[in-house]
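Throughout, a chain's letter reflects where its sequence line sits, starting with A, and its residues are numbered from 1.
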Amino acid sequence: MEVKKLHRWDVDKDEGEKIQEQLRKKVIIKPIPKKINIVCGIDSSYKEDEIISCAVLCKYPELEIIDIVKIKGKTNFPYIKGLLAFREGENITKLIEKIEKDVDCFILNGHGIAHPKKIGLASHIGVLIEKPTIGCAKSLLYGNYSEPPSFPLSSTFIKDEEGEIIGHALRNYNNGIIFISPGHLIDLKDTLTITINCIKKEYSLPVPLYLAHINSKSAD
DNA sequence: GCGACAG
DNA sequence: ATCTTGTCGC
């Protein structure tokens, strides 16, 4: 599918932060307009100076695998808190360009608007592809939350410094907590609903994301 | 100055 | 993220 080229990727920290300020204005939080038929999990792994990104397309809500796409690239940008999009974004962008089918919602490993600048990896990628995206992470980057009750699928809000709700802390079946937030073209409610529908007892992460995580490690 | 801090 | 075996628990 098509990806907008709104900026360069060979930037430094300062340029990256400026780009974030521009892109954050384009982030739209609203309910998903159409029926969801295909969700796609995206995750990356690293091997020396290489990055491998993987996309797993699943039928929704059945979660049967429809397709798996991978791409390998070089890591140019270092890992800097809050700038993950500049480390993984270019490769993920090329990965998405290889996807043939029409994906209705993406789930990315990282945060959406639950980010100090309100533009985490999921929001950033969402703006470039103009499709609904959800950010899903195993730890919190920004915001405050209270511990969700200890039963599966219970959740609490993640709030920013002004008390604005920016995401959910969601309990999985393994007594762990994952942090989800809207990326782009989706709202808090749909983010929670779709994520919960993608969670199965066997895995700590939403199924499409778990599968992307596993597959990003095995090279082919 | 100290601590917090996606992958 | 990555370096890493067995092991405890549902």
Side-chain angles (χ1 to χ4, degrees), chain A residues 9 11 13 16-17 19-20 23-24 27 41-56 70-96 106-128 133-147 150-153 158-161 166-184 191 195 199-206 208-219:
Chain A
W9 289 107
V11 299
K13 184 174 185 290
E17 286 171 348
I19 290 170
Q20 286 187 325
L23 293 188
R24 68 183 295 183
V27 175
I42 293 183
D43 192 21
S44 304
S45 65
Y46 301 87
K47 190 174 185 179
E48 292 161 4
D49 63 338
E50 285 186 332
I51 175 173
I52 299 173
S53 299
C54 176
V56 177
K70 293 185 200 183
I71 191 167
K72 191 163 58 178
K74 295 267 185 173
T75 51
N76 303 310
F77 201 89
Y79 173 69
I80 301 173
K81 297 282 191 256
L83 289 171
L84 180 62
F86 288 94
R87 181 161 170 79
E88 305 193 339
E90 183 172 25
N91 206 53
I92 289 177
T93 277
K94 290 175 179 169
L95 171 72
I96 292 176
F106 290 83
I107 304 179
L108 290 106
N109 191 289
H111 291 287
I113 59 172
H115 177 279
K117 295 284 173 45
K118 302 287 167 72
I119 176 137
L121 175 69
S123 299
H124 192 128
I125 297 296
V127 169
L128 299 184
T133 57
I134 291 171
C136 177
K138 295 187 291 294
S139 63
L140 193 64
L141 170 66
Y142 168 78
N144 305 297
Y145 74 101
S146 56
E147 186 98 347
S150 59
F151 59 88
L153 305 185
I158 302 171
K159 296 178 179 179
D160 67 12
E161 290 150 329
I166 53 177
H168 303 275
L170 174 62
R171 183 137 250 149
N172 58 30
Y173 286 95
N174 305 310
N175 201 30
I177 298 172
I178 61 174
F179 302 90
I180 58 177
S181 59
H184 183 53
T191 292
T195 303
I199 290 185
K200 292 287 169 271
K201 298 189 189 71
E202 295 82 1
Y203 311 109
S204 297
L205 293 170
L209 196 53
Y210 166 78
L211 293 171
H213 184 70
I214 296 304
N215 281 282
S216 70
K217 293 175 184 300
S218 68

For A/Tyr79, check side-chain hydrogen bond (donor to acceptor under 3.5 Å, both in side chains) against everything at least two apart and list the hits.
-> A/Lys81
Which part of the nucleic acid does A/Lys217 contact within heavy-atom distance under 4.0 Å: base, sugar-phosphate only, or nothing?
-> sugar-phosphate
Go through the structure and list residues passing side-chain contact (heavy atoms from CB on, under 4.5 Å) with A/Thr133, not counting sequence neighbours.
-> A/Phe106, A/Leu108, A/Ala122, A/Ile129, A/His184
Got a sec, which residues hit side-chain hydrogen bond (donor to acceptor under 3.5 Å, both in side chains) with A/Glu202, two or more places apart in sequence or on another chain?
-> none
Step-by-step side-chain contact (heavy atoms from CB on, under 4.5 Å) determination, A/Leu128 to A/Ile96 | CA-CA 10 Å; A/Leu128 299 184; A/Ile96 292 176; over 6 Å; no
Rounded to the nearest 0.5 Å, what separation is found between the SG atom of A/Cys136 and the CG atom of A/Leu205?
-> 5.5 Å
Between OH on residue A/Tyr203 and CG on residue A/Leu209, distance to nearest 0.5 Å = 13.0 Å
Check every strand shown and say whether A/Lys138 touches a base, only sugar-phosphate, or nothing at a heavy-atom separation below 4.0 Å.
-> sugar-phosphate
Where is the tightest heavy-atom contact between A/Tyr145 and A/Ala169, given as atom of each residue plus distance?
-> CD1-CB, 3.7 Å
NZ of A/Lys74 versus C1' of C/dA1: gap in Å, rounded?
-> 18 Å
In residues 107-124 of chain A, which ones come under 4.0 Å of DNA chain B, going by heavy atoms?
-> A/Asn109, A/Gly110, A/His111, A/His115, A/Gly120, A/Leu121
Interface with DNA chain B, restricted to residues 78-86 of chain A and to heavy atoms under 4.0 Å | A/Tyr79, A/Lys81, A/Gly82, A/Leu83, A/Leu84
How far apart are the C-alpha atoms of A/Lys13 and A/Ile80, what are their side-chain angles, what is the distance that settles it, and do they pass the side-chain contact (heavy atoms from CB on, under 4.5 Å) test?
-> CA-CA 8 Å; A/Lys13 184 174 185 290; A/Ile80 301 173; 4.0 Å; yes
For A/Asn174, the side-chain contact (heavy atoms from CB on, under 4.5 Å) test, sequence neighbours excluded, returns A/Asn172, A/Ser204
Dot-bracket for DNA chain B, please, read 5' to 3', with Watson-Crick or G-U wobble pairs under 3.5 Å on both distances, ( ) within the strand, [ ] crossing, | other strand, . unpaired.
-> .......
Can you tell me how far the CD1 atom of A/Ile177 sits from the CD atom of A/Glu147, to the nearest 0.5 Å?
-> 4.0 Å
Report yes if the side chains of A/Val11 and A/Phe86 come closer than 4.5 Å at any heavy-atom pair, otherwise no.
-> yes
Can you see which heavy atom on A/Ile52 is nearest to which on A/Asn91, and at what distance?
-> C-ND2, 4.2 Å
With sequence neighbours excluded, what pairs up with A/Thr75 under the side-chain contact (heavy atoms from CB on, under 4.5 Å) test?
-> A/Tyr46, A/Asp49, A/Ile51, A/Arg87
Would you sketch DNA chain C in dot-bracket for me? Only Watson-Crick or G-U wobble pairs with both distances under 3.5 Å count, crossing pairs as [ ], other-strand pairs as |, the rest as dots.
-> ..........
Give me the first and last nucleotide of DNA chain B, going 5' to 3', that has any atom under 4.0 Å from a heavy atom of chain A.
-> B/dC5 to B/dG7
What string of B, S and - do you get for nucleotides 4-10 of chain C, 5' to 3', when a contact is any protein heavy atom under 4.0 Å?
-> -------
Return the set of residues passing side-chain hydrogen bond (donor to acceptor under 3.5 Å, both in side chains) with A/His124 (not counting sequence neighbours), or none when no residue passes.
-> A/His7
Give the C-alpha distance, both sets of side-chain angles, the deciding distance and a yes or no for side-chain contact (heavy atoms from CB on, under 4.5 Å) between A/His115 and A/Gln20.
-> CA-CA 11 Å; A/His115 177 279; A/Gln20 286 187 325; 3.9 Å; yes
Audit row: A/Ser53, A/Lys94, side-chain contact (heavy atoms from CB on, under 4.5 Å) steps and yes/no = CA-CA 9 Å; A/Ser53 299; A/Lys94 290 175 179 169; over 6 Å; no
Would you call the rings of A/Phe179 and A/His111 parallel, tilted or perpendicular if under 30° counts as parallel and over 60° as perpendicular?
-> tilted
Look at all strands and tell whether A/Ile51 reaches a base, only sugar-phosphate, or nothing, counting heavy atoms closer than 4.0 Å.
-> nothing
Quick one: does A/Tyr142's side chain get under 4.5 Å of A/Lys118's, heavy atoms only?
-> yes
